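Only one structure is covered here, and it is reproduced in the block below.
Each chain gets a letter, A, B and so on, in the order its sequence line appears, and its residues count up from 1. Just so you know, these numbers come straight off a predicted model, no measurement behind them.
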Amino acid sequence: MSLAISALEYISNVKNGTTTAEEFIAKTLDRISKHESKVHAFISINENALEQARAIDKKIKSKEKVGAFYGMPISIKDNISVKDGKTTCASKMLQEYVSPYDATVVTKLKSQDAILIGKANLDEFAMGIATEFSAFGPSKNPWNTDYVPGGSSGGSAASVSALECVASLGSDTGGSVRNPASFCSVVGLKPTYGLVSRYGLVSYANSIEQIGPIARRVEDVALLLNHISGRDANDNTTIDGKNQDYLGEIGSGIQDKKIGVIKEMSRGAGLDKNVESAFWRAVDSFEKLGAKIEEMSLDMVEFTVATYYVLTTAEAGSNLSRYDNIRYGYQMDLEGYEFKSYISKARKNFGPEVTRRMILGGFVPSAGFAGKYLLKALKVKSKLKRQVLEAFKKFDFLISPTVPILPFRFGEKVDDPLAMYMADINTVTANLTGVPAISVPFEIHNGLPIGIQIHANTLQEKQLLQAAYALQGTTSLPGAPL
Amino acid sequence: MVTKEDIEHVAKLMRIDIDNADEHFERIQKIMNYFDILDKADIESEEIPVQEVTIGELREDKYIPFESKLITNLKNYKGTFVRAPKMN
Amino acid sequence: MIGLEIHCQLTNLQSKLFCSCKANYREFEPNTNLCPVCMGLPGSLPRLNQKAVEKASMIAMALNCKTPQRLGFFRKNYFYPDLPKNFQITQLNMYGPTSIGDQGKVSIEGKDIRIRRIQLEEDPGRLIYEGASERTQITLVDYNRAGTPLVEIVTEPDFDNPRQVRIFLNILSDLLENLGVSDPTLEGAMRADANVSIEGGLRVEVKNIGSFHDLEKAIHFELTRQQSLAERGIPVAQETRHWDDKRKITISSRSKEEDEDYRYILEGDIPWVVLDSKSIEKWRGSMPESISSKKERYITKYNIPVQVADVLSSDKYYSDLFEQAHTESNAKEIANMITTDLMGLVDTREKREQSKLSPKHLSDLIEIINNGKVTRSSAKNALQEIVKTGKSVSEIVSQTGLAKISDEGELGKIITEIMSQEPTAVQQARENPQTINYLVGKVMQKTKGTADPTLTLKILKEKIST
Ligand SMILES: [Zn+2]
């Protein structure tokens, strides 16, 4: 029995008795213990996974009602709360923090008999594109461990790519699901803002981020979305997605669909030549699938990286204020400090990138700077959204390379934050406008994956997944050579 | 233009001790200079983008106690009080 | 000039502003009225209380404020151990009017006090300081209060003196009680800071004032302090001062190392709430009658004297009793009974809570007075008994012999007895008929008020003149 199977295959195998949850989980744990030293996709592993698998097998045997996932192993980014386990956000500030509650998505997965195999590594508080900023060490790209797996959901993507689980949940604030999906050659979806509850997701920039599924196959992402989406009374920002079945009719194809190529993301100086040529081959594939292709322009894209970092640092500065080490956190004696000096010392435990964004987040909304930065960023966001919604009157999908560059080596960008930020240019638009976007593996160039990004209009995930599925059908990619 | 003193001041305001103000200064200045690109955007007439809900979508006023005693999850407590550093 | 910032808890709600923990935190052991939301745990999100919006909006309407089309929330960022998230979710009008109300006014003694803004926000937790000296002192925090729904009312600097402030706060307190949104008598349910300045001077903010009584004192102190500085030619600095409860003076808060900068940002976790006109009208319609309108109605409709109407309308407990007990014909008498006989019996919160009196008791009492079964003074005694025991009026009358003595023979015997005990008074009454009241009083005393006063006087007069 292979671990390199899709979620749908796993479920049918367990249903028809080809394998058991226990067998699959045991093999998965074996794989994890063999490869974790190389990949480091996880921060913690579920100690009770085998036991939980046996319980599910027992339910199957005794013909009890079994949840949709039949004990399938899923990894969870470690900024999503799982009750009674550590939720560290890959930060020293939360290295001892134990959540007393489950995130809504976790409650939903548990109720469908998924096994949460472990908590996946990330950039500290999800700020980064390489997992280099994890306080517990970086995750490695299973395609080449000298290279970054992308980020911030790098552990999630790496764990899926390395066959350490079947699927994963990441979070995407500016591309944090799609970027590592692209770098690790897996599928990653950023849903419409509000389609998936954020309750239990540790906020970084709460007005634009979403939890998103990562898997090796588009249909698996659709299956996960079926089970994690929906309105939640615990999250006032969730919206009615009409409980669609994203998996049904996924093979409908994209005949006669209109696809816009976003010029600002698909040509130009910052775009790697190999990524660019792969992208245009993908455009050809879409055309062969019967879609109508046209280049189009979103002139606000020029301002999106600045806008994204102004908005996210302002929100992060506020969201991360609560980590003062008084109510929870790590061990540090109170004696000898007054409040201000205590928390200033305690917060020294934030890593360099978080500290940098805290300082930026102190500037941009401050009385002297808010009009120059924050207000303008909000207005760009508003205009960009109008432009994108206008474009969707004409096009069914808008496409671009997911990331303008190939996976890079560790340390290559760590000293130049601005250059690193520029790599977000293709992904932040979906977050700033709230529309869904997906990254689909398309090519491997010199052993490094390249993904294609497709956007659809608000709540058009069903159509988006159909397009992604069609593109996936044109490819035949190997698994990670681990 | 952001000065090194500004960085130190803001770090203080954000309650983070920093030892490497020089390094932060160089990088943050570069980033903030980049933010100036926003001055070029033609956005004067734009509204502030916000999500909306109706009154009916708000939470019903009902007392439901949390399932577990949170205090046991907290650190630094005395009796059932949370301990904090002295104020000054 | 004086301006106020008044914080009023919506004590009558069931749950906190953003979570389902109890709004009335007073009944809990420290840190036992908590959940991930009000503790600001990682990943928790605020869920706005519908009723809090409704009640806060009613306060705004009652203070003649404008209601915004959409309600927006913002984060006020500052670090303090009583704030679990190190920011407070509050409201302001940063991007247009999104606060629950603005531009209101209240008229006191013919002067308009303008309300600048009303905002719905969360209360922080409570700090307790422990330890003998500064060196050994530690801070203890109880987060039970964190997240309690709070309405902040910000006035323009329209008060001329502390007395106007007192009148305003009394009106406000009555208004909140009348709306049924808050019990201002609960400890900490209403708190106020003051902004004080004199002609040509800068604004001084006075904080940490424990009671309204002290508020008046603090304002008075601050005005005097600023005037004496001005007289000596010393400019008044713009600053925040704290009220020292023990020494009854204001002291300058330590000069801040950094400027206060709250870095206000939108609270993205709470979408803006569309206040549709249908809901607003529904709320307006369900608002209880205002105090001034009640008073007006009592005077014009029932011919109740102004002072009585004043007392009756401004106290929700009394006016509720009145509304339920009165009919077209007995209104004036019910009003009198409440404001003269009942008042002393239920003048505290505890007494009101323990009282067994129902509106029916009042109307029954008036009825038996009117049909001549008991005297007014007997009725007063009965009232005392009712408040204590809740017994029905008929039960009390039959058990305790409060029924009026209107039998001429029986009353005559008692009067004869008293006249024999009080020969001097009888003599005086013969010489000066007005002093006969002394003897009437004695009869009432003897009969515990059950003697028919008209009959007593008639018999007394007859007996004295013979
Ligand atoms: Zn709570």
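Proximity to chain C (any heavy atom under 4.5 Å) is shown, for A:Ala205, by neither the backbone nor the side chain. For chain A, the nearby parts of C:Arg47 are the backbone and the side chain; heavy atoms of each come within less than 4.5 Å. When heavy atoms are compared at a cutoff of 4.5 Å, C:Leu48 approaches chain A by way of both its backbone and its side chain. Contact of C:Tyr262 with chain A is not made at all, since no heavy-atom distance falls under 4.5 Å. For A:Glu315, the parts lying near chain C are the backbone and the side chain together; criterion is any non-hydrogen pair under 4.5 Å. Interface remark: A:Ala367 contributes backbone and side-chain atoms alike to the contact with chain C (heavy atom separation under 4.5 Å). Only the side chain of A:Ser81 comes within contact range of chain C, judged by heavy atoms closer than 4.5 Å. Only the side chain of C:Tyr95 comes within less than 4.5 Å of a heavy atom of chain A; its backbone N, CA, C and O stay farther away. Residue A:Asn79 does not touch chain C at all, counting heavy-atom pairs closer than 4.5 Å. Only the side chain of C:Pro36 comes within less than 4.5 Å of a heavy atom in chain A; its backbone stays farther off. Of the two parts of A:Ile80, neither the backbone nor the side chain holds a non-hydrogen atom closer than 4.5 Å to a non-hydrogen atom of chain C. In this structure, the portion of A:Leu201 lying under 4.5 Å from any heavy atom of chain C is its backbone and not its side chain. Contact annotation for A:Leu378: only side-chain heavy atoms (C-beta onward) come within less than 4.5 Å of a heavy atom of chain C. For C:Phe79, the parts lying under 4.5 angstrom from a heavy atom of chain A are both the backbone and the side chain.
In this structure, the side chains of C:Leu41 and A:Tyr328 come closer than 4.5 Å at one or more pairs of heavy atoms.
Remark: C:Lys51 NZ is loosely packed, at most 12 non-hydrogen atoms of other residues, nucleotides or ligands lying under 6.0 Å away. Applying the 6.0 Å contact sphere to NZ of A:Lys345 captures no more than 12 heavy atoms from other residues, nucleotides or ligands. Other residues, nucleotides and ligands contribute only 12 or fewer heavy atoms inside 6.0 Å of the CD atom of C:Glu29. Atom NZ of A:Lys92 sits in a sparse spot, with 12 or fewer heavy atoms from other residues, nucleotides or ligands closer than 6.0 Å.
For the atom pair CG (A:Asn234) and OG (C:Ser20), the distance works out to 8.0 Å, reported to the nearest 0.5 Å. Taken to the nearest 0.5 Å, the OG atom of A:Ser318 stands 4.5 Å off from the CZ atom of C:Phe87. Note: A:Phe339 CZ to C:Leu127 CG = 9.0 Å, rounded to the nearest 0.5 Å. The structure places CG of C:Asn77 at 5.5 Å from OG of A:Ser321, a figure rounded to the nearest 0.5 Å.
With chain C as the partner, the residue from A:Thr237, A:Val202, A:Asn206, A:Leu94 showing the most heavy-atom pairs under 4.5 Å is A:Asn206. In terms of heavy-atom pairs under 4.5 Å with chain A, the best-connected choice from C:Ile270, C:Asn86, C:Val37 is C:Asn86. Of the residues considered (A:Ala370, A:Gly317, A:Ala233, A:Ser203), A:Ala233 shows the highest number of contacts with chain C, using heavy-atom pairs under 4.5 Å. Per-residue counts of heavy-atom pairs under 4.5 Å with chain A were compared for C:Cys35, C:Pro81, C:Pro46; the largest is that of C:Pro81.
Scanning all heavy atoms of the two residues, the minimum distance from C:Tyr264 to A:Leu374 falls at O-CD2, 4.4 Å. Residue A:Tyr101 comes nearest to C:Pro42 through the heavy atom pair OH-O, 2.7 Å, listed as atom of the first residue, atom of the second, then distance. Minimum interatomic distance between A:Ala314 and C:Ile265 (heavy atoms only, all atoms of both residues): O-CD1, 3.8 Å. When all heavy atoms are compared, the tightest approach of C:Gly268 to A:Tyr193 is O-OH, 4.3 Å.
No side-chain N or O of C:Asn31 forms a donor-acceptor pair with one of A:Arg327 less than 3.5 Å apart. In this model, no donor atom of one side chain and acceptor atom of the other lie less than 3.5 Å apart for A:Asn236 and C:Asp269. Between the side chains of A:Ser366 and C:Arg263, no donor N or O sits under 3.5 Å from an acceptor N or O.
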Stepwise side chain to side chain contact (heavy atoms under 4.5 Å, CB included) check, A:Arg322 with C:Ser44 = CA-CA 12 Å; A:Arg322 70 191 65 189; C:Ser44 65; 4.1 Å; yes
